[in-house]
Amino acid sequence: MPIDPERFLADLHRLRGFGASGVGKGVCRPAFSEADMAARDWLAGRMEEAGLRTHFDPLGSLFGLVEGPSLLIGSHSDSQVEGGWLDGALGVIAGLEVARAAQEAGGPPVSCVSFQDEEGRFGVTTGSAVWGGALSLAQADALEGPDGVPLAQARKALGARVGAFLDPDRFTGFLEMHIEQGPVLDTEGARLGVVEAIVGLRNLTMTLKGAQNHAGTTPMHLRKDAFQGLAAFTTALNERFRNVVTPATVWTIGHVELHPNAHAIVPGEVRFTLQWRDGSIDRLDRMEAIARDTVQEVCAERGLGLDIAPKLELAPVSMDRRLRAALEQGAEFAAPGAWRLMPSGALHDATNLSRLMPVAMLFVPSIGGISHDFAEDTAEEDLVTGLRALAAAVSALG
């Protein structure tokens with residue numbers, strides 16, 4: 001397949017210009033932001049130049065389509081608020097380049113995609129989650145971003161671009177190339193990673209309700225300090241998880257909102273998220289039970305109220321054997337003896353698409369294992385190696 005590495009890299013750098021942070025190769029391109037919509041319009045133009053028919057679905061996911069059944073390749077082009085230039089963008093431009101090369105070669109039939117809101121301004125992998133049936137459009141529309149704007153309002157930025165959801169049966173499978181977002185490949189000196197499975201995720205949003213009061217006159221033994229409740233919960237949770245988790249299990253309290261968040265006021269309320277990831281559904285279940293029991297005990301001991309929002313949940317996903325075998329063949333072609341099989345500790349759109357079609361993933365190294373940061377980077381030589389492996393896999397699949 002006549003891939004063009006220079007064209008591929010040029011497009012990747014051009015996409016970086018939408019929402020460039022001014023710090024290294026950093027990017028700020030959250031879903032439905034002005035930079036995101038400008039990037040999607042530019043991507044649509046590049047797809048059309050490649051002879052693909054463009055289509056925006058109701059969530060803003062952008063497809064570049066060929067006629068008839070086809071393999072789908074892509075990822076997402078939205079970014080974290082402080083993100084890197086490759087997270088998601090690499091897979092989108094790789095999909096574009098392989099689809100373009102396939103058009104130039106007269107086949108095989110390849111379509112490409114950039115999913116919307118994978119980074120979760122409004123949810124978790126929102127665009128592909130709705131298409132995959134994990135979330136209804138009505139449920140998604142009710143989700144709010146950190147600024148309080150609901151997705152239903154943000155979607156109005158699509159204007160006349162929006163079309164219907166595509167029938168997933170038109171696609172024979174989905175391939176996603178991505179940076180590893182971890183240190184394994186970089187530490188081991190491997191050029192590529194073929195993913196065996198993607199871990200599962202649970203996410204709970206909890207609110208502890210205490211009593212707001214004066215920080216100078218309220219005795220410690222009479223306080224109902226919501227933040228102290230969070231501190232006690234975190235300490236107890238870490239101890240109780242100790243005999244349940246494995247070295248590969250991770251959990252994070254990643255977003256905290258303290259009210260009224262003032263230096264002279266005992267906090268009356270704290271809202272926070274707890275997220276945990278593992279490859280075992282049973283372990284995910286056990287961790288959820290521990291978390292719920294622990295927070296209830298802490299609140300009872302400290303006289304705090306408790307609200308727990310409905311959880312977000314994604315199950316672990318194994319890669320399709322046939323597609324994975326093609327990626328293994330492509331990896332050996334592009335980096336003989338310098339690739340490995342590995343799990344994905346990060347979530348990807350492939351998780352949701354596994355409900356619709358066979359999926360598989362390919363990783364390239366992340367320098368220093370850094371991602372979700374302006375410092376995120378990968379050597380361009382490794383980016384091209386990944387592209388060559390992806391194209392070889394597509395050729396093998398026919």
Side-chain angles (χ1 to χ4, degrees), residues 115 117-120 122-136 139-140 143 174 176 178 180-184 193 195-208 230 232-256 271-299 306-320 324 341-356 358-361 363 371-372:
F115 288 108
D117 196 31
E118 193 273 354
E119 295 293 1
F122 297 96
V124 177
T125 60
T126 315
S128 60
V130 173
W131 191 42
L135 193 68
S136 72
Q139 289 172 319
L143 297 172
F174 176 66
E176 183 170 5
H178 209 280
E180 181 196 346
Q181 300 183 280
V184 175
V195 176
E196 297 174 288
I198 303 173
V199 299
L201 172 148
R202 305 280 174 88
N203 196 97
L204 284 175
T205 298
M206 295 182 273
T207 303
L208 308 187
L230 172 57
F233 168 71
T234 301
T235 301
L237 189 71
N238 288 343
E239 183 62 32
R240 294 180 181 187
F241 275 171
R242 187 184 303 275
N243 296 323
V244 175
V245 301
T246 73
T249 311
V250 295
W251 62 98
T252 306
I253 293 177
H255 182 76
V256 177
R271 183 174 182 264
F272 65 96
T273 60
L274 172 66
Q275 183 183 106
W276 62 104
R277 307 184 190 208
D278 194 90
S280 164
I281 291 180
D282 288 342
R283 187 171 293 108
L284 291 169
D285 288 341
R286 291 177 65 190
M287 293 175 72
E288 180 175 347
I290 290 171
R292 289 180 181 273
D293 289 346
T294 301
V295 74
Q296 289 169 359
E297 290 175 17
V298 167
C299 288
L306 171 66
D307 285 339
I308 302 180
K311 69 183 176 184
L312 294 171
E313 178 178 4
L314 291 171
V317 172
S318 295
M319 300 295 97
D320 176 75
R324 195 186 95 178
L341 294 171
M342 62 189 302
S344 172
L347 290 176
H348 301 284
D349 291 306
T351 295
N352 295 313
L353 266 68
S354 69
R355 302 162 66 102
L356 304 175
V359 302
M361 290 194 69
F363 282 167
S371 185
H372 286 189

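For clarity, every value in this text was computed on a predicted model and none was experimentally measured.
Separation of atoms CG (L284) and CZ (R286) is listed at 11.5 Å; rounding is to 0.5 Å. Going from atom OG of S344 over to atom CD of E180 covers 8.5 Å, rounded to the nearest 0.5 Å. With rounding to the nearest 0.5 Å, the separation of CG in D285 from CD1 in I290 is 11.0 Å. Between the NE2 atom in H372 and the CD atom in Q181 there is a gap of 5.0 Å [rounded to 0.5 Å]. Considering CG of L135 and CZ of F122, their distance stands at 13.0 Å, rounded to 0.5 Å. For the atom pair R355 CZ and W131 CH2, the distance stands at 13.0 Å (nearest 0.5 Å).
Using bins of under 30°, 30° to 60° and over 60° for the plane-to-plane angle, the ring pair F241/W251 lands in the perpendicular bin. A perpendicular orientation is assigned to the rings of F174 and F115, their planes being inclined by more than 60° (bins at 30° and 60°).
With contacts defined as side-chain heavy-atom distances shorter than 4.5 Å, the pair E176/V359 does not qualify. By the 4.5 Å heavy-atom criterion applied to side chains, E313 and E288 are not counted as neighbours.
Scanning both residues, A129 and V124, for their nearest heavy atoms gives CB-O, 4.0 Å. D349 and S128 make their closest contact through OD1-OG, 2.7 Å (heavy atoms, listed as atom of the first residue, atom of the second, distance). Here the shortest heavy-atom pairing between P316 and G279 reads CG-O, 3.4 Å. The two atoms that bring A140 and V130 nearest to each other are CB-CG2, 3.7 Å, heavy atoms only. The two residues N352 and A134 come nearest to each other via the heavy atoms OD1-CB, 4.2 Å. Smallest separation of non-hydrogen atoms from L347 and R277: N-NH1, 3.3 Å.
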Stepwise side-chain contact (heavy atoms from CB on, under 4.5 Å) check, L230 with V298: CA-CA 9 Å; L230 172 57; V298 167; over 6 Å; no
Evaluation steps, side-chain contact (heavy atoms from CB on, under 4.5 Å), between L274 and V295: CA-CA 11 Å; L274 172 66; V295 74; over 6 Å; no
Residues M287, T249; criterion side-chain contact (heavy atoms from CB on, under 4.5 Å); working and verdict: CA-CA 10 Å; M287 293 175 72; T249 311; 3.6 Å; yes
Residues I198, M319; criterion side-chain contact (heavy atoms from CB on, under 4.5 Å); working and verdict: CA-CA 8 Å; I198 303 173; M319 300 295 97; 3.7 Å; yes
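Considering only residues two or more places apart in sequence or on other chains, N203 meets the side-chain contact (heavy atoms from CB on, under 4.5 Å) condition with L201, T205, T273, Q275, L312.
Between the side chain of S280 and the backbone N or O of R283 there is at least one donor-acceptor pair closer than 3.5 Å. Looking at S354, its side chain does come within 3.5 Å of a backbone N or O of T351 through a donor-acceptor pair.
The pair R202-D278 does not count as a salt bridge, with every side-chain nitrogen at least 4.0 angstrom from each carboxylate oxygen.
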